[in-house]
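Note sheet for the following structure.
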Amino acid sequence: MKKIAIISGNVRPNSNTLKVSQWLEKKTKKEDNMYEVVNLMDFSLPHYNEPIGPRNVIEYINPEVSKWSMAMKQYDAYIFVIPEYNGFFPGVVKDAVDFLYHEWINKPFALVGIGGKGGKWACDHLRTLLERF
């Protein structure tokens with residue numbers, strides 16, 4: 001059985017992103033794999049500010065980044081649920097991805113975009129970022 005994170009990629013209160021993430025988690029209850037919502041609101045990630053790149057990190061300096069890393073290490077795959085902001089995905093998602101490297105490498109991902117055409121644009125941009133892992 002695989003453990004899959006459903007990452008709610010928004011930190012705005014009352015966001016539809018969390019509601020869609022929770023709906024998706026409910027829909028997976030009968031699946032063979034285990035799915036869990038991971039809400040970015042539960043992490044106080046700053047803008048990327050580590051002194052060295054994530055590929056070379058052995059130990060994270062920022063305690064919130066360490067918490068984020070420990071949370072992501074336990075998953076075998078990721079589903080990012082993201083809204084569209086001005087044709088892109090939110091900056092908090094970029095920071096969340098940028099802080100880590102080893103936690104993402106060679107792991108499958110899926111994308112769920114919210115916002116019609118904008119959701120597709122956001123997914124296209126995030127796919128470009130995640131495919132490098």
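As the structure is a computational prediction, the values presented were derived from the model and not from experiment. All values below were derived from every heavy atom in this structure, side-chain atoms included, with hydrogens, water molecules and symmetry-related copies excluded.
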- Query: Can you tell if the side chain of Asn16 reaches within under 4.5 Å of the side chain of Pro83, non-hydrogen atoms only?
  - Reply: no
From [X] atom [atom1] to [Y] atom [atom2], the distance as rounded to the nearest 0.5 Å:
X: Met1; Y: Asp76; atom1: CE; atom2: CG; answer: 10.5 Å
X: Leu100; Y: Leu45; atom1: CG; atom2: CG; answer: 8.0 Å
X: Ser21; Y: Trp23; atom1: OG; atom2: CH2; answer: 11.0 Å
X: Leu18; Y: Ser8; atom1: CG; atom2: OG; answer: 4.5 Å
X: Tyr48; Y: Phe99; atom1: OH; atom2: CZ; answer: 7.0 Å
X: Gln74; Y: Lys3; atom1: CD; atom2: NZ; answer: 3.5 Å

Report the residues that fulfil side-chain contact (heavy atoms from CB on, under 4.5 Å) with [X], sequence neighbours left out, ordered by chain and then residue number.
X: Ala77; result: Ile4, Pro108
X: Val57; result: Ile52, Tyr60
X: Leu111; result: Phe80, Phe109, Cys123, Leu126, Arg127, Leu130
X: Tyr101; result: Pro54, Arg55, Ile105, Phe133

Non-neighbouring partners of [X] that pass side-chain hydrogen bond (donor to acceptor under 3.5 Å, both in side chains), sequence neighbours left out:
X: Thr17; value: Asn10, Ser15
X: Glu64; value: none
X: Lys67; value: none

Same apolar cluster: [X] and [Y], side chain cutoff 4.5 Å:
X: Val81; Y: Val92; answer: no
X: Met41; Y: Met72; answer: yes
X: Val93; Y: Leu129; answer: yes
X: Val20; Y: Val11; answer: no
X: Ile82; Y: Trp68; answer: yes

- Query: How far apart are the closest heavy atoms of Ala71 and Phe43, and which atoms are they?
  - Reply: CB-CZ, 3.8 Å
- Item | Non-neighbouring partners of Arg12 that pass salt bridge (charged side-chain N to carboxylate O under 4.0 Å, His left out), sequence neighbours left out | none
- Item | Residue pairs involving residues 15-28 (criterion salt bridge (Lys or Arg N to Asp or Glu O under 4.0 Å); sequence neighbours excluded) | none
- Any salt bridge (Lys or Arg N to Asp or Glu O under 4.0 Å) pairs touching residues 80-107, not counting sequence neighbours? Lys94-Asp98
- Inter- and intrachain pairs under side-chain hydrogen bond (donor to acceptor under 3.5 Å, both in side chains), touching residues 29-42, at least two apart: Glu36-Tyr75
- Task: May I ask you to decide if the ring planes of His125 and Phe88 are parallel, tilted or perpendicular, using 30° and 60° as cut-offs?
- Result: parallel
- Please say which of Val38, Leu24, Ile7 ends up in a side-chain contact (heavy atoms from CB on, under 4.5 Å) with Ile79. Leu24
- Query: Would you say the ring centroid of Phe89 lies under 6.0 angstrom from that of Trp121?
  - Reply: no
- Please go through Met70's hydrophobic cluster and name the other residues, only I, L, V, M, F, W, Y counting, with side-chain heavy atoms under 4.5 Å joining them. none
